[in-house]
There are 2 protein chains.
Amino acid sequence: MKAHERALRQPLLSPRSVALVGQSDDPAKTAGRPLAYLRQGGYPGRIYPINPRRETVLGEPAWRSLDVLPETPDHAYIVTPTAGVVEAVAACGRAGVPVATILADGFTEAGAEGAARIARLREIAAETGIRLVGPSSLGVVDLRAKLLLTANAAFAETDLPVGSVFAASHSGSVIGALVSRGKARGIGFAALVSAGNEVDLSIGEMCAATLDDSDIGGYLLFLETMRKADELRAFALAAVARGKPIVAYKLGRSAEARELAVSHTGALAGEDDVAEAFLAGSGIARVDTFDGLVEGLPLIARIPIRATVAGPSVGVVTTTGGGATMVIDQIATRGIKVAGPTEATRSRFAAAGIAVAPARLVDLTIAGARYDVMKSALEIMLTAPEFDLVLAVVGSSARFHPELAVQPIIDCAGADKPLAAFLVPDAPEALRRLGTAGVPSFRTPEACADVIAAALKRRVPKPMPARRGAADSTTVSQRYADARLEISAGETLLPRGRDHAEPVAPAYLAAQLGDERTYDAAAGDTSPLVGESLPRTRSGVGAPLRAGRGVSSESPQYLAGGGRLLDELEAGALIDRLGIPRAAAVAIDAAVTPAPELPFPYPVAVKALSSAIAHKSDVGGVVLNVRGDDALLAAIVNVRDRAAAHGAPVERVLVQPMVEGLGEALIGYRLDPDVGPLVMVAAGGVLTEIARDRSLRLAPVDLAEAREMIGEVRTLRALAGFRGKPAGDLEGLARAIVALSRLAEMDDPLVGEAEINPLIVQAKGVIAVDTLAKLA
Amino acid sequence: MKAHERALRQPLLSPRSVALVGQSDDPAKTAGRPLAYLRQGGYPGRIYPINPRRETVLGEPAWRSLDVLPETPDHAYIVTPTAGVVEAVAACGRAGVPVATILADGFTEAGAEGAARIARLREIAAETGIRLVGPSSLGVVDLRAKLLLTANAAFAETDLPVGSVFAASHSGSVIGALVSRGKARGIGFAALVSAGNEVDLSIGEMCAATLDDSDIGGYLLFLETMRKADELRAFALAAVARGKPIVAYKLGRSAEARELAVSHTGALAGEDDVAEAFLAGSGIARVDTFDGLVEGLPLIARIPIRATVAGPSVGVVTTTGGGATMVIDQIATRGIKVAGPTEATRSRFAAAGIAVAPARLVDLTIAGARYDVMKSALEIMLTAPEFDLVLAVVGSSARFHPELAVQPIIDCAGADKPLAAFLVPDAPEALRRLGTAGVPSFRTPEACADVIAAALKRRVPKPMPARRGAADSTTVSQRYADARLEISAGETLLPRGRDHAEPVAPAYLAAQLGDERTYDAAAGDTSPLVGESLPRTRSGVGAPLRAGRGVSSESPQYLAGGGRLLDELEAGALIDRLGIPRAAAVAIDAAVTPAPELPFPYPVAVKALSSAIAHKSDVGGVVLNVRGDDALLAAIVNVRDRAAAHGAPVERVLVQPMVEGLGEALIGYRLDPDVGPLVMVAAGGVLTEIARDRSLRLAPVDLAEAREMIGEVRTLRALAGFRGKPAGDLEGLARAIVALSRLAEMDDPLVGEAEINPLIVQAKGVIAVDTLAKLA
């Protein structure tokens, strides 16, 4: 943890004195609450209500301004209307207040006016060093410090249990729901922050400030968006290193909720699977149920974070078949294996005199709800190697006779293996006992399965990608310059005649040759494309060339803004450097005549060569299956004319052989503005968009991750030798994903987006046919 | 309702006297409970505990046997061990007991021994007229009649609230969970039955027996399987006709849970989307959360069942943006539209002085939780035509200040439009008030969205399909015989020479001709295939012919058992009768030489013609893209030899033109052993199986339903003119689905299964290329 983060903790959560700027005299008003709650909660520090228009507020003396206070408060809660916020923050900054929290809205979600206010807040923060929580923050609560510095009405409640959970939420209202729902389930909080718009302090930075806080055992996040994800990730990595689990509920599964996040918080909400990849890659357990968010940490804390993919399995023991099957159904639909006992374990049941049917579920219904039977069954399961976690599902007896089947769970809670409980009836007393005994327990089958799946899927996070350092970067830069140089030097194919037919960029046919070595574009060996040594590409039915789909299609903003679009030769040089095999390509002067001699046989594809056109197909800039010299010339004219008609005249066209394969994939990389470098794989073709069938990870990925990604794309299973069809080289596809993901480690050029679509998958090898790349 | 159903109700739920056969003296044992619970509950009828080995049980005199009772009890609960059950039921039958409920297991789930016991039970029932609940039944409870005829420990609880819900469950344990969870949410039950294995009385029949029970306002079902679905459907149709809603929770989303249903209840559990289609087609609202099952009926009862597909929309008003977005996210991911207020409604908000941001959500956060604001907002939304349902989401104030934002919901409960509430904090008192006032309310965002979606998706059920009656059936039979006759008469193409080249079945090319009239195979007009009048099919890249995938691939039992497989000519004649266009086809003697003159140009497909081969591709029985006479002869030899090598010698092969289209689909029909006639559409090709991308309905369907089905298959969107590609004739596809689904109305022949795969979709029209059909 950094020193400034450590320094932040004290004024944020344990201020010795607080100022309430704009405190109202009316307890019914939002601005009237903080003083009442602080007093009611018994805050032991000094409180300075500031209200220039009143002598007293709620019966206490009010101060005219910050300037007249006898000391500089550690933390100011600014509850004035929006119009007064900037001046109040400025006054705090001048006075040397280290942290101010802002209640008002009217910033991120308020257009140009709001943006101007934010700019002023940032200026003040930069000038004075003040740190800001919010705006739109319902405040900061530390139940240990009795600091109820909040306007959330939920904190009118006294005797809120103090616990070990730190909660941070974009929504201020939700922290109130968390404390009441937690209390009902025996779960207490150490502290809670309503992070609001995160104009300055992010959830990640505030959580990080508490990492050395030994009272805090875990973190609970309610996220509406993925703002300042780098800070969240840095915090998450540090928390995992300290063994402190993080559970998150993230809004935005639906487009409607993402749209609301924009109108509500002013934050652009990205696609949900991007958030999913980010949270998973950061070691954060994401739950899908609100109960799971409240109930989840005790179980997540008990399950060691996993380094590998190997599927963990859950053993289930029950006194109620129907009730247990509900949870098993939910666990299994979340992709977690529910295992039955092995033969060895069954023998142990038999030896203990426990009748167990030969099924996946250890059903004790016949034996009935009895202490000794449940206890013995649990002892056997908790020492059986086939289970990574044991879940006990208790039926009706849990309600009035917890001594029968609930008490044995409590008595087994000390086992090394994680043990959890779901109670089928309404059984608040049994839930309370389980909670007190530290047994993770659940009120609904959905939350139970949700948390089990989230806990078992949690993985050791990947370190932040290190871009190559300055020294290496020079080399890279030089090598990239070399590649550019070749492109310029190679120039254009001239009419007929071997000596004019120069390839303009190295093209590698490794996959077709069965050669799996990684090529280095900087080596400059262009010979495979020249003369008789050219390996003939097989021609036939070509894969259609469709540019600009996949990642970019849903996110036109990534193409519209940002850096320069590379032309296809430059993009090709880039992927050569990554070692991804691609189809041969030559550039031809668009005014050429007669047809030049190509270094590969017909049929060929002819494409406009221009960095001004991202979606060549959309402007008629691609002609496929061109056969023969006359057709080639006609295609060139066609492409040239259509590009010109779209206002993008081209001087050169790119000619490639048609490449045949067993199928195609789309792989993409992007430096996501929200979450950083991402790599994606999807089935190529129109289904990518229709079925949204893709897999994303934080980049870079290793081979194991790339294989896992391929396994997640359902439509790619058709390439895995399905139903006796020939299998595609999915291992080659995995290597290409790994290679593309390494753009995350390259800083010269800094690539903003790259997409290979299609990447033709052959029986042996893969070949990039069309590549789109944009600098950051 | 049938008379025997009416007669069933009284002994089932309101017996004047009960016998407890095998009642134990030990209250800790399961067999000791019924007497204790009946006494504790204050059952006013006469109770006869029967135990031949004891003078008294639990302090009451025990009777030696049924024979010595002073009267014939209305209902016997048999709680003896399995071995004694058959004899006890026989004794009840002999004594004239009308209904007996059986506790023991050891029947459906117990293999041959269990099957023998079931057979005996059925014999006794047939001989004596006794009706049986169970086996594996935890009993029957009628809280109105104080009848706690149960061994479920949950009924040790006194003061269970009496309500208007009738619950039926395959799982006996779950009925206990329902009463305690219901009680915690202020929801009471009229009666509950644990249906067990349904060896005699099914859930459907028992529910039907209560249809005239005016106390019962709705039905709650917990289903582990789809046993006796016909009775369930008949009940559901009658319930809908009476305006009584049904909500169901059905286990089996996962294969693991379906497997457990087998081991647990002995029932074969079908695929989950079959159950989904059945429940939807029967007007039953299916929920996915256990809380939703408990909390659902009040809202479902408030929402009129819909006749059409037109998407209903939900309006959401809230005092907490974050909390409301949770529900909206869940509602939207379930495919229900959350609408924002129209301009007109916004004007009304403005006129009422309520500031509402221009978003989908009516967020009152700025105004705060105030009675007058919430009340006015609700009044506006409840009279705004754009909302079919209004959901109020209340934040922290709901916990301790229900007078602020909860009371206005209660005060608006009388509106015509359905109104529901979700409370974000833990707020039991507010939930109680809402429940008492009859406002449907929810404790979690997931259950809230689940019930809203289930309620809004509920449709008027379709009537049971009427197979054509006897008179018409004769005609059909005759027509089918005619078709068979043509097939036999047409016989086989002989070598060279027009007069020998006879088509063996009528083939219709309506789609290619742009002719949409429905053909009648019985008309016998075979001319389109003969001579020069033959419309030429366009040849080109053919769609691969892949038989036996889709429905049948996952359910080999449907092909393995059952009736005769039709050969492809017979299957073709069948779909001709349905009016589905299909590719031309001629049969050729497999020993033919030289090649016969075909009535259509090359390329063609050659297939083994045999009713002994279901999956022609698997035995090498299909050759595609055959061009020229020599290739034709070679293909015939090839097919013949390969079929012979697989032990299925063929005398004839079928030859068809290769058919070109924009894409393909798979349509299927089956007489499902669980739920009856079903129709399916899926994208053709390998993706059908990989992506499980299909849509099912109870058959027959009308055009509107068929269009809806097509809309549910994601991969078919590629045929809807996606991204400027030419659009396929999805309306033609819909007509083909309707036509195929009409097999449900045909009784001669009674078709067990039919699958057209692929059905080629062209720009105008569709053409069946390969059809597989089996008689029931």
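By convention in this document, chain letters (A, B, ...) are assigned in the order of the sequence lines, proteins followed by strands, and residues within each chain are numbered from 1.
Residues A:D291 and B:T444 have side chains that never bring a donor and an acceptor to within less than 3.5 angstrom of each other.
Taking 4.0 Å as the cut-off between side-chain N and carboxylate O, B:R181 and A:D426 do not count as a salt-bridged pair.
The only member of A:R258, A:K250, A:R253 that meets side chain to side chain donor-acceptor pair (under 3.5 Å) when paired with A:D272 is A:R253.
At a 4.5 Å heavy-atom cutoff, the contact between A:R443 and chain B is made by backbone and side-chain atoms alike. Contact of A:K337 with chain B is not made at all, since no heavy-atom distance falls under 4.5 Å. Both the backbone and the side chain of A:T289 have a heavy atom closer than 4.5 Å to some heavy atom of chain B. The parts of B:T333 that come within reach of chain A are both its backbone and its side chain, each placing non-hydrogen atoms under 4.5 angstrom from that chain. If you measure heavy-atom distances from B:K29 to chain A, you find no contacts under 4.5 Å at all. There is no contact between A:L178 and chain B, counting heavy-atom distances below 4.5 Å. For B:I331, no part lies under 4.5 angstrom from a heavy atom of chain A. Contact annotation for A:F290: both backbone and side-chain heavy atoms come within less than 4.5 Å of a heavy atom of chain B. For A:R399, the part sitting under 4.5 Å from any heavy atom of chain B is the side chain, from C-beta outward, and nothing else.
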If you apply the rule side-chain contact (heavy atoms from CB on, under 4.5 Å), what do you find for A:V362 with A:V316, and how did you get there?
CA-CA 6 Å; A:V362 178; A:V316 182; over 6 Å; no
Yes or no on ring pair (Phe, Tyr, Trp, His ring centres under 6.0 Å) for B:F222 and B:Y249, after CA distance, side-chain angles and deciding distance?
CA-CA 5 Å; B:F222 184 91; B:Y249 183 103; 5.5 Å; yes
Full working for side-chain contact (heavy atoms from CB on, under 4.5 Å) between A:L251 and A:L223
CA-CA 6 Å; A:L251 289 178; A:L223 306 175; over 6 Å; no
List the steps, then state whether side-chain contact (heavy atoms from CB on, under 4.5 Å) holds for B:V393 with B:F422.
CA-CA 5 Å; B:V393 179; B:F422 162 57; 3.7 Å; yes
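In terms of non-hydrogen atom pairs under 4.5 Å with chain B, the most contact-rich of A:D329, A:D288, A:T319 is A:D329. If you tally non-hydrogen atom pairs under 4.5 Å between each of A:S254, A:A28, A:A184 and chain B, the highest count goes to A:S254. Among A:A177, A:S173, A:S180, the residue making the largest number of heavy-atom pairs under 4.5 Å with chain B is A:S180.
Nearest heavy-atom pair across B:L160 and B:F155 is CD1-CD2, 3.7 Å.
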